[in-house]
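Some notes on the structure that comes next.
Positions are given from 1, in the same order as the sequence printed here.
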Amino acid sequence: MDNYSVADNTTVVGGSSVANRKDLKDRNGSDGSDFPTKPSPYGQHLKDAKPRGNDFSKVDELVERPFFVPIGKDGLTAALQKLDIQLQNSGRNRILSKKSPTDWIGSEVSPGSLGLVNHGGLPKVLVRPGRYPGFPLRNWWARTWCGTKGLSDTSIEFQGLTVVQVSQNQAAVVSDPQNQIFVVKNSGFVAYAIEGTYDVLAIVDQTHLSNVMKDSVTGATLGWTHEVTMKSRVGGQQQDYVVALFLNIPANNCAILQRGDDLELLPAGQHCMTNPNVTLRGMYTLGENQLEMPTKDILTRDQVPVGLRIYLKWQLVEPLKLTTHGYATPYEALRDKTQSILTQIVAHLDYSSMVKQRSLGPDNMDDGTDPSSAFLDALRTRAMDEMHEAALEYGIVLKDLAVIDRQFKGEIAATMDKLTTRALQAQVEAANVDRENSNKVKQEEGALAVARIKAQTRNTQADSEAYSVIAAAKAKAERTKIEAEAEAEAIRLTAEAEAEASRTKANADASITDQFAREMGLRRVEVSRVEAYGDKTVFAPAEGPAGQMSSALAMGMAARMGSDAATKQ
């Protein structure tokens, strides 16, 4: 088998010729059935692909095919010229036409195109642009115009001439005249088949393969595949046979190839297999996976069947070990080993030691005083250790194991479930009563707190109102006092002013020495008195008993007026 890598981390696994097998025998000391090996990062010897170049000629250098010219940097025209020279040197008819184009009549070959002409069953190619006239001009009587093809067309097949040009991420699967399959990537070739044909079976887009490979257990995408088939007639019936398998493996995934008893790890990338001796054994993911797995019914020591639901978390690190043991998925290996280990553990336990435990795992391991601790101790000391060791034999690292549920079966289990259900109902009812009582107590406490706050609010409001009344009363008394003092002071000042005025007037009157002026002053007083009391007032003399009575009445009126003034104050 010939293994070679090409651009963008792709690998082609193709069929080998006799020379290739001889080369492998000389190099490896065998007939080529063994893969060359190199140290593996997983602790095993992985198969090493033989590095090859990206050019198609280097890819196929061990297989000699006549009249086969790779398309190099000079392009398709230069490759056709090389092929034409090889045909002429071998004494065969050339494929490039010697006709010269015109610019006025005939079939047109535009720039970037090739003109194809059937010359008596042989291909003729027109590479120069222009017009080529037909019969009778230029001896076209033995030729048939067959149209044009683009210089950049991916595949051209015409009268035994085959042209293939593929770009990046494309791959052409081709069958040569000896029905040998080879793959062309990011390159091209020009070939002329003397006997047989070069058949382009498929042009494959390596980044968008048709078939998605998924893990049947976890549902994770493992990669993509595409099969290329070739029709062959066997016994009068035509059937399709797979001749090439394309793989696109994403990062952190891998594939296992098998050849006889030898296995090979194929890393992530784009790959192609054409050797019929090499088959795809499986595709795997190297990332973490987790799954809930039900086990089969297991009998306890007292013959009570129990079914467990297990949580597993693992990571595949050595796929070759798993494939060597014959398992298609890590889940199958873990399932069988887990079932075996748990069966051994449960078979040594009683029903009573397991009935109370509902979740079994590292988080609820106790100190051994609980009746169910026997199962927990067995799970901790035996299941985890044995599962870890068993998983390592299959190239799997077991990261977590927990029994998340269990279900007892049989009549005893049904009876115990009923009793357990009743006990749980009683516990739930008691819990509900306690919850209701607690709610009522909290409601009463809340109401009391509200009443206390309201009473405090009322007391504070009453104190505020009383303080406001006292403050208002004090302010009113202070105002009355200030008003009375101001009024008394005003009366005093008024009296003093009037007394001072009277004294001044009396002094002025006393200082008058002229008798006439005195008489005039008395007359003015008389006029003022008449103006004050009216012209009908009769004035009695103040001397004698009448005068005394008037004085007594005046004194009584003054005392009454003073008493009223004191009362008002």
Side-chain angles (χ1 to χ4, degrees), residues 1 3-5 8-13 33-50 206 209 211-227 245-275 277-291 293 312-341 386-401:
M1 183 185 70
N3 298 350
Y4 52 91
S5 298
D8 302 330
N9 194 23
T10 59
T11 301
V12 176
V13 182
S33 61
D34 296 331
F35 290 95
T37 61
K38 67 177 181 180
S40 167
Y42 302 111
Q44 293 187 357
H45 290 287
L46 305 183
K47 312 307 176 183
D48 186 17
K50 181 182 178 182
Q206 298 183 89
L209 302 183
N211 186 27
V212 181
M213 299 291 292
K214 290 183 175 291
D215 192 318
S216 59
V217 179
T218 63
T221 299
L222 304 177
W224 296 266
T225 65
H226 178 72
E227 293 182 346
L245 175 63
F246 286 84
L247 302 177
N248 186 4
I249 305 174
N252 207 30
N253 288 7
C254 66
I256 300 296
L257 301 182
Q258 180 177 358
R259 179 180 180 179
D261 292 334
D262 296 329
L263 298 176
E264 179 183 1
L265 179 67
L266 200 60
Q270 298 173 352
H271 310 277
C272 177
M273 295 184 297
T274 58
N275 193 321
N277 295 327
V278 179
T279 58
L280 177 64
R281 178 66 179 269
M283 301 179 73
Y284 303 93
T285 176
L286 302 178
E288 291 185 355
N289 294 274
Q290 53 187 357
L291 185 69
M293 180 189 74
L312 292 174
K313 184 177 182 181
W314 73 87
Q315 182 177 6
L316 180 64
V317 296
E318 298 182 61
L320 288 176
K321 284 186 177 181
L322 180 68
T323 310
T324 302
H325 285 82
Y327 288 104
T329 62
Y331 167 76
E332 295 178 0
L334 294 176
R335 178 191 59 192
D336 294 344
K337 200 64 179 178
T338 303
Q339 180 73 34
S340 175
I341 293 175
E386 292 184 11
M387 280 297 301
H388 185 70
E389 293 179 3
L392 290 179
E393 294 180 2
Y394 302 133
I396 303 171
V397 175
L398 184 64
K399 296 193 173 183
D400 195 6
L401 168 65

With the side chain counted from C-beta on, respond yes when [X] and [Y] share a heavy-atom pair under 4.5 Å apart, and no when they do not.
X	Y	result
Leu392	Glu389	no
Asp262	Glu264	no
Cys254	Pro267	no
Leu257	Leu263	no
Asn289	Pro330	no
Ile249	His271	yes
Asn211	Met213	yes
Ile396	Leu334	yes

Working to the nearest 0.5 Å, report the span between [atom1] of [X] and [atom2] of [Y].
X	Y	atom1	atom2	result
Lys337	Tyr394	NZ	OH	5.5 Å
Met387	Leu401	CE	CG	6.0 Å
Arg335	Leu291	CZ	CG	10.5 Å
Leu280	Leu266	CG	CG	8.5 Å
Gln315	Thr285	CD	OG1	8.5 Å
Thr324	Glu318	OG1	CD	10.0 Å

Do Thr225 and Phe246 pass the side-chain contact (heavy atoms from CB on, under 4.5 Å) test, and can you show the C-alpha distance, the side-chain angles, and the key distance before you say yes or no?
CA-CA 5 Å; Thr225 65; Phe246 286 84; over 6 Å; no

Can you find a side-chain donor-acceptor pair between Tyr284 and Thr323 that sits under 3.5 Å?
yes

Ignoring hydrogens, what is the shortest heavy-atom contact between [X] and [Y]? Give both atom names and the distance.
X	Y	result
Glu227	Leu245	CG-CD1, 3.7 Å
Gly223	Pro250	CA-CD, 3.6 Å
Val278	Met273	CG1-SD, 3.7 Å

Step by step, would you call Met293 with Thr338 a side-chain contact (heavy atoms from CB on, under 4.5 Å)?
CA-CA 10 Å; Met293 180 189 74; Thr338 303; 3.9 Å; yes

List the steps and the verdict of side-chain contact (heavy atoms from CB on, under 4.5 Å) for Gln258 and Ile256.
CA-CA 7 Å; Gln258 180 177 358; Ile256 300 296; 5.8 Å; no

How about Asp261: does its CG atom have over 12 heavy atoms from other parts shown lying under 6.0 Å from it?
no

Can you check side-chain contact (heavy atoms from CB on, under 4.5 Å) on Asp215 and Tyr331, steps first, answer last?
CA-CA 10 Å; Asp215 192 318; Tyr331 167 76; over 6 Å; no

Can you list everything that forms a salt bridge (charged side-chain N to carboxylate O under 4.0 Å, His left out) with Glu288? Sequence neighbours excluded, please.
Lys313, Lys399

May I ask you to decide if His388's main-chain N or O and Glu386's side chain share a donor-acceptor pair within less than 3.5 Å?
no

Main-chain N/O of Thr221 paired to Asn253 side chain as donor or acceptor, under 3.5 Å
yes

